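Since this is a predicted model, take the numbers as computed values, not measurements.
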Amino acid sequence: MKAQQSNDNNFIKQGAILAVASIISRIIGLLYRSPMTAIIGDEANGLYGYAFEIYSFALILSSYSMPLAVSKLLSGKFAKKEYRNGYTIFKYAFVFSAVAGALMMIILLALSNALERFTGYDGLAIPLRVLAPTIFVVSVLGTVRGFFQSRKTMIPTAFSQIIEQVFNAIISILAAWIMVRCSNPQNHDGMGAAGGTMGTLFGSISALAFVGFLYFAYKPRMAKHLMHDRSRSKDSPSDIMKMLFITIIPIILSQAVYQASGIIDGTMWGRLYTGADMKTLQSVYSKYRTLINIPNAISSSMASSMIPTLVSLWTLGNIRDFRAKLATAVKTNMIIAFPCAIGLSVLGTPIMRTLFPTTDFIISGRMLLFGGIAVVFYALSTITNAALQGLDKMNIPVIHAAISLALHIPLVWALLKFTNMGIYVLLIGAVTYPLVVCILNWFAVAKHANYRQEVKNTFLVPLLASIIMGAAAFGIYKLIVLILGISYAANLVAVAISILLAIIIYFVLIILLKGLTVKDMADFPMGMRIYRLARKCHLMK
């Protein structure tokens, strides 16, 4: 029982470990995009971004949901010490993901030319053919990651993400350079985008090799678990497949609907926008999405780490602790999401100018200014999705995602068709879609878990501290630029100093406003060190 409690109390730290790894990997991904874009050009980069939208959708339809599904199913079995049934489920899930990944790989290869003609993106078929085998690799990789997540450790997933992104960055730049050199004017964009996607394939292979090694190293411990198995009956193959389908299908549908919004937006953009800069503006929008996805990694990581704990608590009937863990997860996410949203909004243009000096950083900066708030909505929708999955209400996130998409499509279509807002229409869709989902999810969680979230320290204090921090960061940036000038080097220095001081200012404010308590800090990695430092600075008692 003590071990169980220890594991349950550890999900914030495990989520933080995964979040840090996800942020590092996404920063690596962000940094290599700049030299890669310089090599292939903005139009090829726009093609690269749209190819990834289709790839992500195909991946979801195959078995990208496996980490969550395997983690959820195995956590329930392991909570009842049904180790034999749990390991059998994992074996079936592994085969399922391999078959589904192989089938989707074949489908994408077969449809690549048709998708290019339908969407209006010339050259799209070439990067899609490179991404097709990646689907098979990532499908298998996700199943093994889900196994370790069910054991309430995010370390294998965290390290594999970093390894994956390092290989991705190196191969993407090299392959992009080679493919562009081998291209001609007719296929330049497609070859350049294909070079960038080559890194995704080799990165996923490297991550699979790493977690595969860890899995075989873990086998002796699995044998020990089987000696203490308490399974009352053996799950039949039909029961296991039923459990897999009941769990996987809702997750696939909810994620597929979300990903479909990006594909539908890109398709409507390609067919309705008639400007010659269509691919270039799509590239600018993809950079906005890339920046927004960095803080979103935190909420995704927290959701992945909390699902095994919530499933275990709900399975064992511990409703009180279920609500407490959910409240902690929501509060932690809001403490991080609000400053990220405000920071990206006020420093959007300088950040874009630093990362992508060759692109239109004015437009992408404005996107962050008006669209930074999406970080908060994505965080809330992701965490509430995880809560509903922990409550075994798998169908509800699907319904909510479908409702949001049903509102989203006519809104984006009408704005593209009848206004001159251009690429900012996609920005509006990127903000409103998660907003609708998080509102609907919130009411559902409140209803099914009889749950009420504390408001002051969860929402109001982080928001107030973030606004003050944002104003200070903007002022610091402007002062440094005024002193040093407006060169690229001066902008880089100003952005770096502004972000560093903003982090310090925010955490001083959040402590002074009592948004963080000693109990909260105990759940954070190095939290007690931060507490002792706060005491030395007379910020806490």
Side-chain angles (χ1 to χ4, degrees), residues 52 54-78 83-112 128-151 156-157 159-161 163-164 167-168 197-219 222 235-256 259 304 307-308 394:
F52 254 90
I54 295 175
Y55 158 74
S56 299
F57 184 71
L59 191 60
I60 288 169
L61 290 180
S62 59
S63 55
Y64 189 69
S65 57
M66 273 300 181
L68 285 176
V70 171
S71 175
K72 181 182 184 301
L73 286 174
L74 268 60
S75 297
K77 293 294 182 181
F78 292 155
Y83 298 112
R84 193 172 302 279
N85 285 331
Y87 292 136
T88 303
I89 290 173
F90 170 72
K91 292 176 183 177
Y92 275 82
F94 187 89
V95 173
F96 180 92
S97 64
V99 173
L103 287 174
M104 189 54 64
M105 174 184 70
I106 295 169
I107 292 171
L108 189 59
L109 285 171
L111 294 180
S112 57
L128 288 181
R129 291 184 194 123
V130 176
L131 286 169
T134 314
I135 294 175
F136 172 77
V137 178
V138 176
S139 296
V140 176
L141 170 63
T143 305
V144 185
R145 281 174 170 170
F147 170 80
F148 285 111
Q149 289 170 18
S150 72
R151 303 308 297 147
T157 299
F159 275 95
S160 68
Q161 284 183 349
I163 292 171
E164 179 179 9
F167 275 87
N168 187 0
T197 58
M198 195 78 72
T200 308
L201 173 59
F202 283 93
S204 60
I205 291 173
S206 65
L208 179 59
F210 176 74
V211 296
F213 170 78
L214 292 183
Y215 175 77
F216 284 106
Y218 190 80
K219 274 197 165 185
M222 293 165 58
D235 290 335
S236 67
S238 61
D239 289 337
I240 292 174
M241 293 307 296
K242 183 178 179 180
M243 281 188 285
L244 283 172
F245 276 103
I246 290 175
T247 306
I248 290 171
I249 297 303
I251 297 176
I252 286 177
L253 290 176
S254 61
Q255 292 182 339
Q259 193 62 41
S304 296
I307 284 177
M394 307 294 293

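Between the side chain of Asn168 and the main chain of Thr200, a donor-acceptor pair closer than 3.5 Å is present.
Nearest heavy-atom pair, Ile135 versus Ala58, reported as atom, atom and distance to 0.1 Å: CD1-CB, 3.6 Å. Residue Met105 comes nearest to Pro133 through the heavy atom pair SD-CA, 3.4 Å, listed as atom of the first residue, atom of the second, then distance. Across all non-hydrogen atoms, the minimal contact from Val70 to Ala93 is CG2-CB, 3.8 Å.
Inter-residue side-chain proximity for Pro156 and Arg145 is flagged as unmet; no heavy-atom pair is nearer than 4.5 Å. For the pair Leu131/Leu201, no side-chain contact is recorded, criterion being any heavy-atom separation below 4.5 Å from C-beta on. With a 4.5 Å cut-off on side-chain heavy atoms, Phe96 and Met241 count as touching.
A 6.0 Å sphere centred on CZ of Phe213 holds no more than 12 heavy atoms belonging to other residues, nucleotides or ligands. By the 6.0 Å contact criterion, CZ on Phe159 is open, its count of non-hydrogen atoms from other residues, nucleotides or ligands being 12 or less.
Taking the six-membered ring for Trp and the full ring otherwise, Phe90 and Tyr215 have centroids separated by under 6.0 Å. Aromatic pair Phe94/Phe147: ring centres not closer than 6.0 Å. Two rings, from Phe52 and Tyr55, have their centers less than 6.0 Å apart.
Once rounded to the nearest 0.5 Å, the distance linking CG of Leu214 with OG1 of Thr157 reads 9.5 Å.
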